[in-house]
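What follows is a set of notes on a single structure, which appears directly below.
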Amino acid sequence: MPELPEVETVRRGLNKMIIGQKITAIDILYDKIIVGDVDTFKEQLIDATIAYVGRRAKYLLFNFDNGLTMISHLRMEGKYQVRSKISDFDKHVHIIFHLSNGEYLGYRDVRKFGRMQLVDTNDVTKVKSIALLGPEPLTPEFTYQSLLEGLKSTRKTVKATLLDQHVVSGLGNIYADEVLWLAKVHPEQPANELTTQQVKDLHNGINEDIKKAIDAGGTTIRSYVDATGHSGEFQFQLNVYGRQGKPCKRCETIIEKIKVAGRGTHFCPHCQVLQS
DNA sequence: GTGTATGTTACCCC
DNA sequence: TGGGGTAACATACA
């Protein structure tokens, strides 16, 4: 599913394909994707030109030359596609942007969970969902100290805390399991009980894993492809996610799968021991 | 038909 | 109150 590395890969693909294109028309086939008034959304984007696609955590930021930004979250299965004919889109494409070069940018979302919201570019950081995000990996703001403070402030399980976008943003279920394995931390360990060394290992592991995943173009587990239609390659480097029943790559103990914070959670019962 | 999958928000409850 | 748990969103697939 799209977590930070997948969204970053989509962003890069979009920037190669649609920069400088003007929106000439928009077809909205499923209203609930759009946050706010659908007609206003259309009116404000017609004749606007796409200047640059940015990103904050898992949010794509389509910046237009008229001072507006479209905040787009892919949630579980959202994806963007560029096609030369509308008939090239299937029934799961709910929003179609007509571009000035004659091509079409489609938003496909089987589950319809994704959302798009149009705001003034100057106000993007004031939008609640963006404003409350914690620092993201690979930025100067994501420090050992910031992670330590986020973990120390709660008795929630460390896994739930890593998934909490206010502590560190951009991680989802796959990378949360991966970094816990890297740092040898049990997913159900209360966040405020981690040792200094474990927090350091988590901080390093998050940065390194996210960087490797971006370099690999993200992880394709179920359906993820980037804006150019390519799969990611990081699934071949996963250490625990989806490996239940298989031997741990460090110690050969069989990887287990349990439920933590309502999510499927994979860990090595030998490397990742619950400490009391 | 049933259970499971994932991200985020809403909401109930102790 | 904070926070834990879970439903809801909508669909595909084993």
Side-chain angles (χ1 to χ4, degrees), chain A residues 1-11 28-36 55-61 71-80 89-95 107-117 127-134 136-137 149-180 187-193 210 213 218-226 231-232 234-235 238 240-245 255-267 274:
Chain A
M1 311 313 108
E3 304 178 34
L4 192 159
E6 291 75 38
V7 178
E8 173 61 16
T9 306
V10 170
R11 186 192 74 78
I28 298 177
L29 307 168
Y30 185 79
D31 287 358
K32 288 172 74 175
I33 303 274
I34 308 297
V35 176
R55 180 185 61 76
R56 175 69 174 97
K58 303 176 193 172
Y59 293 86
L60 287 167
L61 306 172
I71 303 173
S72 168
H73 197 298
L74 306 173
R75 293 285 183 96
M76 317 276 252
E77 304 220 30
K79 38 190 65 76
Y80 283 97
F89 293 125
D90 73 5
K91 65 171 182 174
H92 298 301
V93 173
H94 309 300
I95 316 281
Y107 175 72
R108 181 174 190 269
D109 190 342
V110 170
R111 306 287 287 280
K112 302 178 181 171
F113 284 177
R115 293 293 180 264
M116 298 175 190
Q117 180 179 9
V127 174
K128 211 173 180 182
S129 53
I130 303 276
L132 297 178
L133 289 172
E136 64 178 87
E149 283 163 24
L151 292 169
K152 283 294 175 199
S153 66
T154 178
R155 297 167 58 188
K156 283 194 288 189
T157 62
V158 61
K159 165 125 184 191
T161 309
L162 291 178
L163 291 173
D164 181 347
Q165 304 296 306
H166 309 126
V167 174
V168 49
S169 58
L171 296 183
N173 204 38
I174 297 172
Y175 298 108
D177 280 5
E178 291 296 310
V179 300
L180 286 168
E188 289 180 299
Q189 194 74 42
N192 61 354
E193 291 179 5
I210 292 295
T219 302
T220 295
I221 291 292
R222 291 159 62 84
S223 67
Y224 163 78
V225 290
D226 69 15
S231 297
F234 195 69
Q235 60 274 21
L238 294 178
V240 277
Y241 186 87
R243 299 195 70 252
Q244 64 272 21
I255 299 295
E256 290 182 11
K257 181 177 181 182
I258 58 175
K259 215 163 202 81
V260 181
R263 303 288 157 200
T265 298
H266 315 71
F267 75 107
L274 195 57

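Throughout, protein chains are lettered first and strands after them, A, B, ... in sequence-line order, and every chain is numbered starting at 1. Keep in mind that this is a model prediction, so the values were computed, not measured.
- Checked by atom type and distance alone, the side chain of Thr265(A) pairs as donor or acceptor with a backbone atom of Arg263(A) at under 3.5 Å.
- Heavy atoms of Gly114(A) sit nowhere under 4.0 angstrom from any nucleic acid atom.
- Judged by distance alone with a 3.5 Å cut-off, a donor-acceptor contact links the side chain of Arg263(A) to the base of dT8(B).
- Side chain of Thr154(A), nearest nucleotide from dA5(B), dA12(C), dG3(C): dG3(C).
- Residue contacts shown for Thr157(A) are absent, as no nucleic acid heavy atom lies under 4.0 Å away.
- With dT11(C), dA12(C), dG7(B) as the choices, the nucleotide that has an atom nearest any side-chain atom of His73(A) turns out to be dG7(B).
- In this structure, a donor-acceptor pair under 3.5 Å is absent between the side chains of Tyr107(A) and Ser72(A).
- Mapped onto DNA chain C by nearest heavy atom, Ser153(A) and Ala261(A) fall at different nucleotides, with Ser153(A) at the one closer to the 5' end.
- With both ends at atom C1', the span from dT8(B) to dT1(C) equals 22 Å, rounded to whole Å.
- Atom NZ in Lys32(A) sits about 18 Å away from atom P in dT8(B), given to the nearest Å.
- Contact annotation for Gly262(A): no contact, since no heavy-atom pair falls under 4.0 Å across all strands.
- Here Phe113(A) counts as stacked on dC9(C): its ring centre is under 5.5 angstrom from the base ring centre and the planes meet at under 30°.
- Distance check on atom C1': dG3(C) versus dT6(B) gives 22 Å, rounded to whole Å.
- Atom CZ of Arg75(A) and atom C1' of dA10(B) are 11 Å apart (whole Å).
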